[in-house]
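Here's the structure, in structure tokens; my notes come after.
All values below come from the heavy atoms of this structure, side chains included, with hydrogens, waters and symmetry mates left out. First listed ligand is number 1; within each ligand, the first listed atom is number 1.
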Amino acid sequence: MGDTDTAAIKHIIDRKGYAKRLQEIIMSDQAIQQTDVIIIGAGPVGLFAVFELGLLDLKAHLIDILDKPGGQCAELYPEKPIYDIPALPIVTGQELTDRLLEQIEPFGPTFHYNQMADSLTKTDDGKWRVTTDEGTIIEAPCVAIAAGGGTFMPKRPAIPGIEEFEGTSVFYAVRKMERFKDKNILVAGGGDSALDWALNLQPHAQSLGLIHHRDGFRAAPDSVNKMRSLVEAGEMNLHIAKIKELHGSNGQLEGVTALTKDKTELQIECDTLLAFYGLTMKLGPVANFGINLHENLIPVDTEKFETSEPGIFAIGDINSYPGKLKLILSGFHEGALMAQQVFRYCRPDEKLRFQYTTSSSDLQTKLGVA
Ligand SMILES: Cc1cc2nc3c(=O)[nH]c(=O)nc-3n(C[C@H](O)[C@H](O)[C@H](O)COP(=O)(O)OP(=O)(O)OC[C@H]3O[C@@H](n4cnc5c(N)ncnc54)[C@H](O)[C@@H]3O)c2cc1C
């Protein structure tokens, strides 16, 4: 092969390499989502912030580790009445969440559920980049941390050696039902999550058992009735007992030993254990974001609710300042003031105008009511 041929081939390879690199750049640009504000936490405060930001034409992406919006209201007390939301004499946690979703609908926020905001870094062009544990990357000039009491983490049952099986045979959440198809599943717990997943997975499982330490369930009565019908029909096994030991090797579960109230030992064969023993709240990755913390809370000023880092805000239960009250209405106020400062960062050349929704046709157009 002559020099000219070698050069020609090298040229083609370089061109191909260049094209590949170009494609990688295009791909990575597509993979990074851009917005005005990244809101970490889709609790009531994160949701209402979308409204206040939307009135100022600011777009938001929300990230939440839960599979739904509403934070504590939807996860911890969906059916409990709240009596101190202004102008709503009584509203349940779920109703409040639903109303907030309706209110922010005109602004079309982007939700990233089932994802934990894992890291917060600064980009070369001065933006903030949030990466989730699912690999989603979002960049924005501002970040609003509305993480409440932190991430909801499943409570790990006190069963010796359970860690060895976690992630292969023992799970605390169902992210994809497909994973549990044709498995011999044992669901542990007596609340809504345990009953809901037992009912949802039963048609897809090879076999499904439910184990709870007493013959009384905290779940919705309708779910309990459905579960009892399946047990009567022989399509689900119910064990009133406590798991004592797990059996198996190399992370693969083969069965459990359970203890009934009268200390009788039961051997239950299963290859998958789904344990729903409730949730606790931990600050989680927010603690590693490099922001000043005080007793696991984020100190902010009370003019803009900004943290020690310019462009990073903290609103709702996660922040602290003199006189702070951990109430939903406080978080709503904080979101409104934060939005003003976010506007200054995102639209430095535009004038911020104070307007009422009652009288501004501009705001009414944004809300779709004009
Ligand atoms: C039983 C009970 C009753 C209550 N009653 C009232 C009442 O009557 N009136 C009242 O005003 N308040 C009440 N509260 C308090 C109220 O619920 C909180 O003040 C409110 O939920 C705070 O809202 P938030 O959006 O700041 O946080 P949260 O509701 O805690 O929401 C924060 C969200 O952030 C998510 N999150 C956290 N970290 C991450 C991360 N790293 N990545 C992704 N997502 C993350 C969490 O999953 C969560 O969904 C009550 C609380 C409880 C527990």
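Every heavy atom of Glu75 sits 4.0 Å or more from the atoms of ligand 1. Ligand 1 lies less than 4.0 angstrom from a heavy atom belonging to Gly150. In this structure, Gly284 falls outside the shell of residues with a heavy atom less than 4.0 angstrom from ligand 1.
Of the N or O atoms in Tyr77, one or more lie within a sub-3.5 Å distance of an N or O in ligand 1. Between Gly41 and ligand 1, no N or O atom pair is found at a separation short of 3.5 Å. Between Ala117 and ligand 1, an N or O atom pair is found at a separation short of 3.5 Å. Here's the thing with Ile328: one of its N/O atoms is less than 3.5 angstrom from an N/O atom of ligand 1. In terms of polar-atom proximity, defined here as any N/O pair under 3.5 Å, Ile65 does make such a contact with ligand 1. In terms of polar-atom proximity, defined here as any N/O pair under 3.5 Å, Lys80 makes no such contact with ligand 1.
A distance-only check finds a donor-acceptor pair linking the side chain of Gln364 to the backbone of Thr358 [under 3.5 Å].
Residue contacts with ligand 1, taken as heavy atom pairs separated by less than 4.0 Å, involve Asp84 solely via side-chain atoms from C-beta onward. Only the backbone of Ala146 comes within 4.0 Å of ligand 1, counting heavy atoms alone; no side-chain atom from C-beta on gets that close.
Side-chain atoms of Gln206 and Asp271 include no donor-acceptor pair closer than 3.5 Å. Donor-acceptor pairing under 3.5 Å is recorded for the side chains of Asp125 and Thr123.
With salt bridges taken as basic N to acidic carboxylate O contacts below 4.0 Å, none links Lys122 and Glu309. Residues Lys226 and Asp196 are not paired through a salt bridge, judged by the lack of any N-O separation under 4.0 Å between the basic side chain and the carboxylate.
Residues satisfying the salt bridge (charged side-chain N to carboxylate O under 4.0 Å, His left out) test with Arg344, not counting sequence neighbours, are none. The side-chain hydrogen bond (donor to acceptor under 3.5 Å, both in side chains) test applied to Thr307 returns no partner, not counting sequence neighbours.
Among all non-hydrogen protein atoms, the one lying nearest atom 30 (O) of ligand 1 is Gln72 NE2, 2.8 Å.
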